[in-house]
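Written below as structure tokens is the structure these notes are about.
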Amino acid sequence: MPVDANDLTLFAQLIEAGSFTKAADKIGLPKSTLSRRVASLEASLGERLITRNTRQIVITAFGEQILESSRCILSELDAVDGLIQGRQTTPSGLLRVSLPVDFDELDLATLIERYSTKLPNVRLELDISSRRVDLVEEKFDLAIRVSKQRPEEATLLSRKICDIKCALYACPDYLARYGVPTTPDVLNEHIGLGLGGNARNVQKWLLKNNDGDIWQGVPTGPLIVNSPYLLRDMALRGFGITGLSEHKAKPFLDSGKLVRVLPEWWLPTASVWCVLPTRRLLPARISEFIEMLRDSLSSRF
């Protein structure tokens with residue numbers, strides 16, 4: 001027999017109340033109706049959830065297993081009620097957001113202005129740093145992360161906001177001194193500026209063209225840093241070739257200070273992810289920030 005989700009929530013409320021009488025009074029159902037619904041749930045599941053006596057109810061081992069799912073359903077229903085109530089009132093409270101330092105693809109000042117104008121009763125608290133925050137332990141509402149694959153935290157919810165194309169760039173002076181690479185294999189003879197914390201974790205250059213050809217190599221230059229900003233600045237000074245997002249390179253590409261290297265080849269696309277500590281429905285102060293973030297980035301890419 002199919003299981004009725006409403007009966008699961010009644011079962012959770014019964015266990016929370018501790019007796020049919022208390023649960024019936026709290027829910028607003030006749031005691032006989034509540035008893036019949038729980039019995040119907042047991043029949044659907046094919047096993048007893050509780051044992052009854054004149055004074056109390058005792059949950060069975062199988063009931064304990066079902067109780068966890070029942071509480072989740074009840075929690076989601078509470079979240080829906082909270083969301084509806086939140087949309088009927090002006091969103092307020094604190095919104096804590098973690099953002100990466102080098103995320104200049106986002107016009108953060110404009111985003112904050114728009115958000116604060118629309119939700120004036122919400123207080124924004126932004127942590128802009130290179131550290132990977134623990135959303136649950138540090139009580140962040142969301143984190144913005146840029147990576148080539150979905151963040152792996154199993155307990156968190158990740159939503160992709162947009163993709164960012166990446167390629168190789170160098171300044172004209174460097175190319176005049178060392179020559180213009182015509183194939184990826186020639187990169188082994190050039191100075192590559194590496195992104196990473198140290199030589200053991202420097203990001204490889206994995207190039208792919210429109211024909212599906214793939215080339216992989218490791219930047220061989222004397223500089224490895226974990227800041228795309230610094231890599232861009234060093235490339236502008238003629239120190240070597242580096243990988244950058246289109247957004248970071250575009251102003252200097254337009255002015256002629258940077259040149260696209262191997263224009264038919266691309267580095268792996270980076271994605272902007274919004275990471276949340278919960279899979280429950282989101283209050284308006286969070287969902288509004290995510291939508292504004294999506295709108296801001298979609299207008300740039």
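No experiment lies behind these values; they were computed from the predicted model shown.
P91 approaches L119 most closely through the heavy-atom pair CB-CD2, 3.8 Å. Nearest approach of A23 to L34, heavy atoms of both residues: CB-CD2, 3.6 Å. M234 approaches L223 most closely through the heavy-atom pair CG-CD2, 3.6 Å. Contact record, I57 with G18: CG1-O, 3.5 Å, taken as the closest heavy-atom pair.
By the side chain to side chain contact (heavy atoms under 4.5 Å, CB included) test, D233 pairs with L236, sequence neighbours left out. Listed by chain and residue number, D102, Y229, L230 satisfy the side chain to side chain contact (heavy atoms under 4.5 Å, CB included) test with S227 (two or more places apart in sequence, or in another chain). Scanning for salt bridge (Lys or Arg N to Asp or Glu O under 4.0 Å) contacts around D141 gives an empty result, with sequence neighbours left out. By the side chain to side chain contact (heavy atoms under 4.5 Å, CB included) test, D25 is found to be paired with T21, residues two or more places apart in sequence or in another chain being considered.
Contact annotation: the side chain of L99 never approaches that of R145 to less than 4.5 Å [non-hydrogen atoms, C-beta and beyond]. Contact of the Y115 side chain with the R285 side chain is registered, since non-hydrogen atoms from C-beta on lie closer than 4.5 Å. When side chains are defined from C-beta on, D7 does not count as touching T9, because their heavy atoms never get closer than 4.5 Å. The shortest side-chain heavy-atom distance between R96 and L135 does not fall under the 4.5 Å cut-off. A 4.5 Å side-chain heavy-atom check between F289 and L95 finds at least one atom pair inside the cut-off. In this structure, the side chains of L267 and L206 stay at 4.5 Å or more apart for every pair of heavy atoms. Put simply, the side chain of D4 does not reach to within 4.5 Å of the side chain of L41, judged on heavy atoms.
Between E138 and R131 there is a salt bridge, since at least one side-chain N of the basic residue sits less than 4.0 Å from a carboxylate O of the acidic one. Using a 4.0 Å cut-off between charged nitrogen and carboxylate oxygen, E16 and R71 do not count as a salt-bridge pair. Classification of E246 and K165 as a salt-bridged pair fails, no side-chain N sitting under 4.0 Å from a carboxylate O.
Applying the ring pair (Phe, Tyr, Trp, His ring centres under 6.0 Å) test to every pair with at least one member in residues 18-42, sequence neighbours left out, gives no pairs at all. The list of ring pair (Phe, Tyr, Trp, His ring centres under 6.0 Å) pairs with a residue in residues 172-192, not counting sequence neighbours, reads Y174-Y178, Y174-H190.
Remark: the D185 side chain and the T183 side chain contain no N/O donor-acceptor pair separated by less than 3.5 Å. Between the side chains of D163 and T269, no donor-acceptor pair of N or O atoms lies under 3.5 Å. Judged by distance alone, the side chains of W266 and N209 never bring a donor and an acceptor atom under 3.5 Å apart.
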- request: Apply the test side-chain contact (heavy atoms from CB on, under 4.5 Å) to residues L262 and T182: give CA-CA distance (whole Å), side-chain angles for both, the deciding distance (0.1 Å), then the verdict.
  value: CA-CA 6 Å; L262 297 172; T182 55; 5.6 Å; no
